Amino acid sequence: MTSTLNRLLETFARIGATPDGGVCRLTGTPEDGGARARLAAEIVSRQLGLHVDPVGNMFGVAALAPSSQEAVIVGSHLDSQPTGGRYDGVYGVLAGLLAVEAVAARAAAEPGKAKRNLVAANWTNEEGARFQPSLTGSSVFAGTLALDAALGLADGAGVTLGEALAAIGYRGTADLSLAPRRYVELHVEQGPLLEEKGVEIGIVIGCWGARKLSLVFHGEPSHTGPTRMARRRDALRAAARAIELHHCLVELGGSGAHASAARITVDPNSPNVTPSRVQVWFEFRHEDAAVAVALGDRFLAEAGAAVASLGVDIEIAVDERRGTATLDPHGAALTAAVARELGFSAMEMKTIAGHDALALNKRMPASLIFVPSHNGLSHNPAEFTDEAALDKGLAVLTDVLWRMVTEE
């Protein structure tokens with residue numbers, strides 16, 4: 001029998017569905033607006049209070065302890081990558097909503113047991129596919145990104161995040177009034193470890209560090225036909241050298257780092273004009289943040305030398321460093337205890353991908369729980385986690401939240 005959770009996932013997968021079975025719901029698009037509207041209806045239908053804050057974060061509030069200002073928050077995100085699957089982010093939002101509903105029902109049956117309130121959340125622009133940086137809404141909520149700066153982020157067409165949220169009707173006016181005590185996020189792993197080891201629940205205790213660089217290569221426009229080769233200052237050729245260097249540093253260095261050059265813009269982007277301005281987004285990730293930083297330093301030095309003969313200059317547009325972090329030990333211990341009592345195998349692990357939990361961990365103790373991803377595939381239409389695994393994650397999440405709202 002199909003579970004309520006899986007039926008909801010199927011419903012949301014139709015919002016922004018792509019022909020290959022995936023999902024494209026970029027932040028602030030009509031597809032994002034449609035998913036938000038459906039989530040709002042699900043929140044209200046469960047007798048939860050609906051609240052939207054100034055950066056578009058959505059909350060479904062269960063007033064379990066009206067005399068308390070404290071709250072435990074659970075959630076994830078509805079936005080996707082252009083080649084998104086049907087589980088990344090939305091699983092945590094919908095499982096969070098169902099867990100809040102279940103905990104609220106239990107609290108009503110046991111009056112006075114709950115010591116604090118419970119909130120289901122959808123965080124704005126976790127993916128960063130349309131507006132950079134990623135983890136935008138959760139970073140504003142955590143106090144590490146200014147609201148005005150977030151709302152002023154512009155996409156490639158010059159539309160700001162604030163304008164996009166207003167256009168779909170999800171730019172709120174007031175912050176959440178409750179004081180967050182803890183945060184919990186349930187997510188598909190997006191990697192292969194749980195499946196490879198045959199483990200049902202991943203208890204995330206920390207994250208890898210990352211160095212994210214965006215470099216602009218400045219050349220000169222010229223006709224691709226008559227301009228002599230030695231005269232050209234080809235920014236795209238320089239970028240190609242830097243991209244190959246970037247990968248070689250990791251592949252030949254043996255550090256175990258992960259790296260990518262995953263986005264590029266070319267101007268004037270005409271087949272008859274030598275590219276004069278090219279911007280490329282690079283990143284290094286490693287379990288030791290110092291290794292990621294050192295790789296970035298070496299790359300910048302060697303890239304400059306590699307393109308010097310081409311007459312192309314390099315500008316550093318973005319240099320973002322994300323350190324490692326330790327997630328809530330108490331939440332990890334609760335998750336381990338719940339998994340054990342439910343008879344599910346579990347293991348501690350670190351996340352390589354970024355998640356809202358990492359941004360929110362800077363304001364409150366945050367926990368992150370994984371369930372297996374088939375073949376470790378994510379940001380891909382073929383992303384898959386079977387229904388039984390999804391339901392096990394929900395069962396663990398529900399019990400963890402009950403303990404968090406009732407503990408002294």
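Since this is a predicted model, take the numbers as computed values, not measurements.
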Exercise: do [X] and [Y] side chains pair donor with acceptor under 3.5 Å:
X	Y	value
Gln190	Ser373	no
Ser3	Asp391	yes
His187	Asp88	yes
Ser345	Glu200	yes
Gln279	Ser214	yes
Asn272	Ser270	no
Glu220	Ser276	no
Ser68	Glu70	no

Please test Thr124 against Arg36 for side chain to side chain donor-acceptor pair (under 3.5 Å), starting from the C-alpha separation and ending with a verdict.
CA-CA 10 Å; Thr124 293; Arg36 286 169 173 268; 2.9 Å; yes
Ignoring hydrogens, what is the shortest heavy-atom contact between [X] and [Y]? Give both atom names and the distance.
X	Y	answer
Val100	Val119	CG2-C, 4.3 Å
Tyr183	Ala357	CE2-CA, 3.6 Å
Ala107	Ala114	CB-CB, 4.3 Å
Ala332	Ile205	CB-CG2, 4.4 Å
Val93	Ser76	CG2-C, 3.4 Å
Val52	Tyr170	CG1-O, 3.9 Å

Salt bridge or not between [X] and [Y]? Use side-chain N to carboxylate O under 4.0 Å.
X	Y	answer
Lys212	Glu320	no
Lys350	Glu287	yes
Glu10	Arg14	no

Please check if the side chain of [X] supplies one atom and the backbone of [Y] the other of a donor-acceptor pair under 3.5 Å.
X	Y	result
Asp267	Asn269	no
Asp386	Ala388	yes
Arg171	Gly56	no
Asp319	Leu213	no
Arg285	Ile352	yes
Asn122	Met58	no
Ser260	Ala262	no

Give, for atom [atom1] of [X] and atom [atom2] of [Y], the distance between the pair rounded to the nearest 0.5 Å.
X	Y	atom1	atom2	answer
Thr173	Asp53	OG1	CG	9.5 Å
Leu397	Leu186	CG	CG	5.5 Å
Asp155	Leu26	CG	CG	9.5 Å
Glu163	Leu151	CD	CG	10.0 Å
Arg25	Arg130	CZ	CZ	15.0 Å
Thr144	Asn361	OG1	CG	11.0 Å

Just do the ring pair (Phe, Tyr, Trp, His ring centres under 6.0 Å) check on Phe284 and Trp208 with the steps written out, would you?
CA-CA 10 Å; Phe284 296 95; Trp208 281 26; over 10 Å; no
Verdict with supporting geometry, Thr83 and Gln81, side chain to side chain donor-acceptor pair (under 3.5 Å)
CA-CA 5 Å; Thr83 58; Gln81 290 290 335; over 6 Å; no
Could you walk me through whether Gln69 and Arg181 pass the side chain to side chain donor-acceptor pair (under 3.5 Å) test, one step at a time?
CA-CA 10 Å; Gln69 279 298 299; Arg181 179 180 175 90; over 6 Å; no
With a 4.5 Å heavy-atom cut-off, do [X] and [Y] have their side chains touching?
X	Y	answer
Val371	Glu189	no
Thr274	Arg233	no
Leu153	Thr136	yes
Asp175	Pro54	yes
Thr398	Arg106	no
Met404	Val400	yes
Asp234	Leu310	no
Val44	Leu48	no

Carefully, step by step, assess Leu194 and Ile201 under the rule side-chain contact (heavy atoms from CB on, under 4.5 Å).
CA-CA 7 Å; Leu194 291 175; Ile201 299 295; over 6 Å; no
Kindly check if the number of other-residue, nucleotide or ligand heavy atoms within 6.0 Å of CZ (Arg237) is above 12?
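No, CZ of Arg237 has 12 or fewer neighbouring heavy atoms, counting only those of other groups under 6.0 Å.
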Please name all residues satisfying side-chain contact (heavy atoms from CB on, under 4.5 Å) with His330, sequence neighbours left out, ordered by chain then number.
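Testing His330 for side-chain contact (heavy atoms from CB on, under 4.5 Å), a comparison that skips the adjacent residues, returns Arg182, Asp328, Leu334, Glu407.
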So that I know where these two stand, are Phe370 and His355 an aromatic pair - ring centroids less than 6.0 Å apart?
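They qualify: ring centres under 6.0 Å apart.
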Looking at the rings of Phe141 and Phe59, which for Trp means the six-membered one, are their centres under 6.0 Å apart?
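Aromatic pair counts; centres sit under 6.0 Å.
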Report the residue from Ile73, Leu176, Leu118, Ile43 that forms a side-chain contact (heavy atoms from CB on, under 4.5 Å) with Val61.
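Only match with Val61 under side-chain contact (heavy atoms from CB on, under 4.5 Å): Leu176.
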Quick check on side-chain contact (heavy atoms from CB on, under 4.5 Å): which of Leu94, Val23, Val188 does Tyr87 satisfy it with?
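Single side-chain contact (heavy atoms from CB on, under 4.5 Å) partner of Tyr87 among Leu94, Val23, Val188: Val188.
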Using the side-chain contact (heavy atoms from CB on, under 4.5 Å) rule, take Asp356 and Glu185 through it: C-alpha gap first, then chi angles, then the decisive distance, then the call.
CA-CA 8 Å; Asp356 289 309; Glu185 183 166 353; 3.6 Å; yes
Chi angles and distances behind the side chain to side chain donor-acceptor pair (under 3.5 Å) call for Asp79, His77
CA-CA 6 Å; Asp79 69 309; His77 60 96; 3.1 Å; yes
Can you list everything that forms a ring pair (Phe, Tyr, Trp, His ring centres under 6.0 Å) with Phe282? Sequence neighbours excluded, please.
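By the ring pair (Phe, Tyr, Trp, His ring centres under 6.0 Å) rule, Phe282 matches His246, Phe299.
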Report the C-alpha distance between Thr324 and Asp288 in whole Å, list the side-chain angles of each, state the deciding distance to 0.1 Å, and finish with yes or no for side-chain contact (heavy atoms from CB on, under 4.5 Å).
CA-CA 7 Å; Thr324 57; Asp288 182 347; over 6 Å; no
